[in-house]
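Everything on this sheet refers to the single structure shown next.
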Amino acid sequence: MSNPIPMLDIRAQHAPLDDALRDAFERTLQSGRFIMGPEVSGFEAEVAEYLGVSHAIGVSSGTDALIVSLMALDIGAGDEVITTPFSFFATAGCIARLGATPVFVDIDPITFNLDAEKVGAAITENTKAILPVHLFGQACDMRTLHEVAGDIPIVEDAAQSLGCSFDGKRVGGIGTLGCFSFFPSKNLGCFGDGGLVTTNDDALAEKVRVLRLHGSKPKYFHKIVGGNFRLDALQAALLRVKLPALESWHEGRRRNAALYDSRFDEAGLSNVTRPEARYERHVYNQYVLRVPAREELMARLKAESIGHAIYYPRALHLQECFAYLGGAVGDCPITEKACDEVLAIPVFPELSEAQLSRVADIVIEHAKHHA
Ligand SMILES: *Cc1c(COP(=O)(O)O)cnc(C)c1O
């Protein structure tokens with residue numbers, strides 16, 4: 001039996017950084033400073049430079065990045081926020097948690113992202129923001145979205161796409177606000193939960209910073225109600241060690257995706273659709289196929305101990321918790337079809353060519369059998 005191939009091997013990623021990560025831990029331990037402080041502001045400056053944005057604000061998670069961004073835009077009861085039904089739950093959950101209404105618009109079948117052309121028809125006088133997701137590491141069509149949005153603020157959910165770019169600009173700095181996650185399985189992960197809000201708007205940046213500390217400024221004087229949305233100093237210190245390696249990890253993911261692409265091209269598969277990169281630069285947080293007889297391929301991968309996952313098995317407009325919105329099967333057919341067909345296979349940077357080949361062989365054999 002061949003060795004298992006996981007979806008992600010976080011220990012392999014950290015091994016070359018082991019000493020530097022221990023130094024960062026030691027430095028934080030010795031400083032005795034665990035909330036805010038120089039590690040957080042140092043990381044914020046470094047990641048702002050990497051992203052080419054004026055402001056980067058460390059927060060407690062990607063989910064909290066979304067919540068605090070929508071709070072900064074004063075979104076609440078009676079407001080509508082247009083978003084995609086094909087994403088991790090937090091995207092729509094945050095809208096609902098603030099008492100606003102998620103309005104779902106179907107996706108583009110190639111990028112799996114919000115179909116910007118269809119957004120216009122969903123805009124009403126109550127639309128207070130548009131929340132596109134840059135899913136799997138690839139940007140949404142931000143050019144069309146900007147044209148359609150006019151003055152309506154755009155909050156980018158870039159949780160899976162730190163370092164991805166569109167028209168030469170890194171995502172998170174294209175809309176009004178950008179939201180990132182450092183959950184361990186993202187391209188830049190921390191050692192627990194963490195997130196980031198980005199913006200080029202000075203007033204919004206100030207508001208996010210104040211909201212992050214219970215809305216207080218100065219301390220113990222509260223003009224607005226915020227929350228505890230802080231990024232830990234220890235997470236910031238560890239992220240500062242990992243950030244300089246991020247570009248090499250992106251390159252590794254892109255190299256692996258290209259290898260899969262060329263194997264599937266050579267095999268001439270017509271019934272497996274690859275995640276065609278439509279916009280530069282895809283950073284492949286996930287490599288997602290559409291396959292026939294998905295359950296059968298999953299069983300085969302499982303038998304061979306090869307990691308695989310379905311992102312996502314159920315569209316957001318069909319989730320039980322959103323039944324009150326009246327969503328029905330057929331509302332977003334492209335999303336619903338994707339939910340039935342998608343399968344993510346391992347693409348993390350440390351995979352060997354032999355491992356990638358083994359995964360590709362299995363996919364090809366399966367697709368030929370179902371051709
Ligand atoms: C991971 C993720 C989030 C949430 O980030 P957390 O840090 O886990 O809270 C939000 N949106 C998308 C698209 C994500 O992938």
Side-chain angles (χ1 to χ4, degrees), residues 7-8 10 43 47 56-71 81-98 102 104-105 107-108 111-114 129-140 142 154-164 166 171-172 174-175 177-198 208 212 227-232 235-236 238-239 242 253 275 282-288 309-317 319 321-322 335 338-339 342 344 347-348:
M7 265 308 262
L8 179 67
I10 209 79
F43 172 66
V47 76
I57 302 144
V59 295
S60 29
S61 67
T63 302
D64 286 343
L66 290 165
I67 280 275
V68 81
S69 293
L70 297 177
M71 286 171 79
V81 178
I82 295 172
T83 194
T84 166
F86 194 57
S87 180
F88 177 61
F89 177 75
T91 308
C94 290
I95 300 167
R97 281 171 65 192
L98 291 174
F104 298 109
V105 169
I107 58 169
D108 171 292
T111 64
F112 298 115
N113 283 320
L114 191 58
I130 300 172
L131 209 177
V133 178
H134 306 302
L135 201 68
F136 303 145
Q138 176 161 231
C140 180
M142 293 300 286
I154 297 175
V155 178
E156 298 174 70
D157 181 342
Q160 301 180 7
S161 295
L162 184 72
C164 148
F166 178 87
V171 299
I174 305 174
L177 290 146
C179 302
F180 295 90
S181 165
F182 304 122
F183 185 83
S185 66
K186 312 294 176 167
N187 284 21
L188 179 64
C190 65
F191 292 65
D193 283 305
L196 188 80
V197 175
T198 53
V208 169
R212 169 173 69 171
N228 174 354
F229 296 124
R230 295 181 296 255
L231 176 68
D232 291 343
Q235 298 296 354
L238 295 164
L239 283 163
K242 293 185 69 175
R253 287 172 181 274
H282 198 322
V283 294
Y284 291 98
N285 180 241
Q286 301 295 345
Y287 186 96
V288 177
I310 299 176
Y311 305 116
Y312 294 90
R314 170 145 322 159
L316 295 175
H317 66 288
Q319 294 290 344
C321 64
F322 291 139
T335 298
C339 291
V342 290
V347 72
F348 65 90

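Both ligands and their constituent atoms are indexed starting at 1 by order of listing. What's counted below: heavy atoms across the whole structure, side chains too, no hydrogens, waters or symmetry copies.
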At under 4.0 Å between heavy atoms, is it the side chain or the backbone of Thr63 that contacts ligand 1, or both, or neither?
both
Decide whether an N or O pair under 3.5 Å exists between Gln160 and ligand 1.
yes
N/O to N/O below 3.5 Å, does that happen between Phe182 and ligand 1?
no
Output yes when the distance from some N or O of ligand 1 to some N or O of Asp64 is under 3.5 Å, and no in every other case.
no
Which residue owns the protein heavy atom closest to atom 3 (C) of ligand 1, what's the atom, and how far is it?
Phe88 CD2, 3.6 Å
For Phe191, does its backbone N or O pair with a side-chain atom of Gln235 as donor and acceptor, under 3.5 Å?
yes
Separation of Thr63 OG1 from Phe88 CZ (nearest 0.5 Å):
6.0 Å
Hey, which atoms in ligand 1 end up nearer than 4.0 Å to a heavy atom of Val133?
13 (C)
Establish, from distance only, whether the side-chain atoms of Glu156 and His134 form a donor-acceptor pair under 3.5 Å.
yes
With the threshold set at under 4.0 angstrom, would you say Ser87 reaches ligand 1 through any of its heavy atoms?
yes
Should one rank His134, Lys186, Gln286 by closest heavy-atom distance to atom 15 (O) of ligand 1, which comes out on top?
Lys186
Side-chain touch Ile82/Leu131, heavy atoms, less than 4.5 angstrom
no
Among all protein heavy atoms, pick the one closest to atom 10 (C) of ligand 1 and tell me residue, atom and distance.
Asp157 OD2, 3.7 Å
With a 4.5 Å limit on heavy-atom distance, are the side chains of Gln138 and Phe136 in contact?
no
Could you tell me whether the side chains of Asn187 and Asn285 share a donor-acceptor contact shorter than 3.5 Å?
yes
Find all atoms of ligand 1 within a distance of less than 4.0 Å from any non-hydrogen atom belonging to Ala159, and give their numbers and elements.
2 (C), 3 (C), 10 (C), 11 (N), 12 (C), 14 (C), 15 (O)
Atom of Cys140, atom of Val133 and distance for their closest heavy-atom approach
CB-O, 3.9 Å
